[in-house]
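Note: hydrogens, waters and symmetry copies are ignored here, and every other heavy atom, side chains too, is used. Within every chain, numbering begins at 1; the chains are lettered A, B, ... in the order of the sequence lines, protein sequences first and strands thereafter.
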Amino acid sequence: MAKPPKAFATTGRSRKGEPLVWLTALGLTLGVLMTLWLLGLVVYKGCQTFWPDRLQVFEVKTDSGTEKVAGYEVLDRDRRDGDGNLHHEVQLFRGNVELYGEKFVFLDSSSIVSREQADDLLLVERLAGGNVIGRAKAIELADGSRMGPEDPSFEDELEALIEVNEDRRDELRDVEKFQIGKNSKRIKELELKKRLIADGKVGGSIPEIDAELEKLQAEYEELFAEKVKIEELMKARHLYIEAVDGREIVISGESLLHVLRPNEVGFFGRLGEMLRRIWNFLTMDPREANTEGGVYPAIFGTVIMTIVMSLFVTPFGVIAAIYLREYAKQGPFVRAVRISVNNLAGVPSIVFGVFGLAFFIYFVGGVVDGVFFPNAEEPVYKSGGILWASLTLALLTVPVVIVATEEALAAVPRGVREAALACGASKWQAIQRVVLPASLPGILTGVILAMARGAGEVAPLMLVGVVKSAPDLPIDVTAPFIHPERQFMHLGFHIYDLGFQSPDSEAAKPMVFATTLLLITIVVVMNLAAIIIRNRLRKKYATSSF
Amino acid sequence: MPREDFIAVDKFSFFYGEKQALHDIDMAIPQQEVTALIGPSGCGKSTLLRNMNRMNDLIEGVRHRGDIRLNGKSLYDPRIEVISLRKRVGMVFQKYNPFAKTVYENVIFSLRVAGRNKKKELDEVVERSLRSAALWDEVKDRLHDSAFGLSGGQQQRLCIARAIANQPEILLMDEPCAALDPTATLKIESLIRDLKSQFTIVIVTHNMEQASRCSDRTAFLYMGRLVEYGPTKQLFENPSEEDTEAYISGRFS
Ligand SMILES: Nc1ncnc2c1ncn2[C@@H]1O[C@H](COP(=O)(O)OP(=O)(O)OP(=O)(O)O)[C@@H](O)[C@H]1O
Ligand SMILES: [Mg+2]
């Protein structure tokens, strides 16, 4: 008689895996959701900044009748006042600072009599003073006469005015920044030389220098006159805007940047406007205490600083890791060093900033200044600059590179090393020609992590060279082209400055989101670039260990 | 005139820390012959082989007693440079281990590290070595592709080409066919017979047939001791030790 087959044993509990599996899945889900939520918020708010909203005219009750105000809605919220009554209110961007003083206003819903979209409203972007909202009243022509919007060539005249001013602004920048800048730099140099000659420190003839100084002075006056002329030309013409409450705003041609009719343009018009705004955001200098304009100098500073940092941290970290892993006699001492390196990654970054300030700027910078610039009036290297900031961040991120490199080196199969040695390679040759190439993808992973960490770091930078506004980029067209001693702007610091240091934090809010989005994008782009390079290498040096 | 005791192992003992892996080995390996080392796993074959190019120096805490002489010169002479020694002794490992480089660069690695970079010479060496390793026809069109694109057998032959590129006098092979299929194994065996005219070959193998097919002499090691050593034919047909007979007939536990 055959025995019946035995049933499988069961635990009696869940047969679909253990409850802990469910818990780990929950943890992952929560983490992913929070990250997505944060990213989504940043992307949504960041993009919203650039999308041109429709303008509306609100009629609002006041003590004496009603008043009109135009603008676009930014916020819509319920607020409980001191007595516990609930109010519904909308926040409006109304611009026109010279009339209202504040760009933003809260309107209580109960006080709003009517709201309507008026087609002929203009949104005028200005260089100074922020946006203006109102109706076109007139444009001043070259001969001083005024042309009203009813004239068929009004639009063309307006466009021509904007365009011609754009060219003049370029011209002005050239004169101011390059020609006058060059001139005054030369004058400064000569004056220094003169002083040195007078002190008897160097040889040379004072009259000769005086003659040249005079020539430079004359040149300066000429340039200055040119500058004034361009400015006069720009100031000569105006655009007259009538706010919805009837008051007039005069916009000087010098300040006029762009005019948009947000209520008339269609979807593609608005899309175009959005692209224009994004482009300006990426390529222009900041204005109005950073709350308007672009962030180009900050992008530039962030990218250059991160690249310079990687250039320092990679060789430094790799060399240190090679010694630790390949040459140092493994023992308690090396173990202690390794633990210290790992713990270095946990030191608060501000401590690195303090160290950078003390060591790089005060000590190294002081020595450099003493040796190379003994006669400079202001410290050159003994003050914060992009070089010192990069070095400080390199120090901050070096543990990441060391740990990654050590792991990559350890992952290179023993057989490969032995094969190299058996071919008559010395230990260094084996490392250099075989082990390092094979561990390059792992090393690059470390560099990528270091870059991501470095690009997002802000606190230490505040001590070693980041500023809220740096007119000159660290790389430009004036000799010697690379200026490692210059202070710079940084997107991370820009976010902090806009959000928490700005006099008008309401106006800065959209910029904070846009800048955050940009910083994230830049970090992602730089990482992607590094990952692509790594994958190329990995294909080339494919080993089984990664 | 080939030398009878080209590699002379003289009362050689070897220790990994406290553990003695070789006990007073005495053997003379003749020039331009193939000598096979056989024996059960852990008996010290690799240890002996790896001492012939001082590969064991890399391991910490090892020491030795006795001597190994190459063409009459002691390998352990403190004046000898290990690197120059390894240039004279090529090695092929059990697991093929080409470098993460092109086929071409793999072959000429030993020349590169010796600082020989003349293009013409390198080209010649590549062709000659790959031909000797019976690989030339298969890879001549992909010399500049990654070595990892080759099949396992091809990779092992590439490692052989790499080992002989700088024309060493001795070729040490540690189970070169362990990871290969029978066809690739046969190819490498015939290769070994061909290479005999140029090199002195010492090969470690677990495969009795392989030892009898391609070696002139065979040494049987057991528990770190040399049990029997003699012409392959004699050792396989008429072993003088009981252990040897038991091992080669597969009756060994
Ligand atoms: N690095 C090492 N450290 C300590 N002991 C070792 C080391 N390498 C080998 N041994 C020991 O030395 C003895 C001989 O090892 P060896 O590798 O020479 O054996 P083998 O004959 O090559 O074996 P197999 O046929 O399995 O490769 C073994 O007992 C082994 O455990
Ligand atoms: Mg072995």
Side-chain angles (χ1 to χ4, degrees), chain A residues 318 322-335 338 405 407-445 533-546, chain B residues 46 49-50 52-60 81-102 105-116 144-149 155 158-168 170-174 179:
Chain A
V318 169
I322 289 178
Y323 188 82
L324 262 184
R325 169 65 52 183
E326 303 283 337
Y327 286 101
K329 201 166 151 50
Q330 305 296 320
F333 180 70
V334 166
R335 241 194 334 271
R338 198 166 284 140
T405 307
E407 262 158 33
L409 290 176
V412 174
R414 188 192 168 87
V416 174
R417 288 163 205 269
E418 287 191 342
L421 294 171
C423 283
S426 66
K427 185 160 186 182
W428 171 244
Q429 281 174 323
I431 291 172
Q432 181 209 349
R433 287 166 186 263
V434 178
V435 178
L436 270 186
S439 48
L440 215 47
I443 295 174
L444 272 174
T445 305
I533 295 174
R534 183 184 65 185
N535 287 353
R536 286 246 173 99
L537 288 171
R538 194 178 286 177
K539 229 174 265 162
K540 201 164 149 204
Y541 300 114
T543 58
S544 52
S545 46
F546 294 104
Chain B
S46 298
L49 194 76
R50 287 163 56 89
M52 294 179 184
N53 67 350
R54 289 184 56 181
M55 216 56 187
N56 277 335
D57 287 14
L58 302 177
I59 301 166
E60 245 165 76
E81 245 193 281
V82 186
I83 292 173
S84 67
L85 162 71
R86 293 201 185 123
K87 279 177 188 154
R88 292 173 57 189
V89 186
M91 184 155 186
V92 178
F93 296 80
Q94 170 175 352
K95 187 170 182 324
Y96 44 87
N97 49 9
F99 302 135
K101 295 173 182 289
T102 60
E105 285 296 324
N106 259 286
V107 176
I108 58 166
F109 184 80
S110 54
L111 280 80
R112 287 256 192 241
V113 296
R116 280 155 58 188
H144 298 284
D145 294 351
S146 167
F148 294 130
Q155 290 191 30
L158 177 65
C159 291
I160 295 176
R162 181 176 69 189
I164 61 179
N166 205 7
Q167 297 205 292
I170 298 170
L171 192 56
L172 307 175
M173 303 174 120
D174 194 349

Under 4.5 Å from any heavy atom of chain A - which part of [X]:
X	result
B/Asn53	side chain
B/Val89	backbone
B/Glu105	neither
B/Leu58	side chain
B/Arg88	neither

**Request:** Without swapping roles, check the side chain of B/Lys101 against the backbone of A/Arg433 for a donor-acceptor pair under 3.5 Å.
**Result:**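 Yes, because the side chain of B/Lys101 sits within donor-acceptor range (under 3.5 Å) of the backbone of A/Arg433.
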Closest approach of [X] to [Y] (non-hydrogen atoms, all atoms of both residues):
X	Y	value
B/Asn97	A/Gly415	ND2-O, 2.9 Å
A/Val416	B/Phe99	O-CE2, 3.5 Å
B/Arg50	A/Arg414	NH2-NH2, 4.2 Å
A/Ala422	B/Met91	CB-CB, 3.9 Å
B/Ile83	A/Ala425	CG1-O, 4.3 Å

Within the structure provided, determine whether [X] and [Y] are in side-chain contact (heavy-atom separation under 4.5 Å).
X	Y	answer
B/Arg112	A/Gln429	no
A/Lys329	B/Glu60	yes
A/Cys423	B/Arg86	no

**Asked** What part of A/Ala420 lies closer than 4.5 angstrom to a heavy atom of chain B: side chain, backbone, both or neither?
**Response**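 Its backbone and side chain both get close to chain B.
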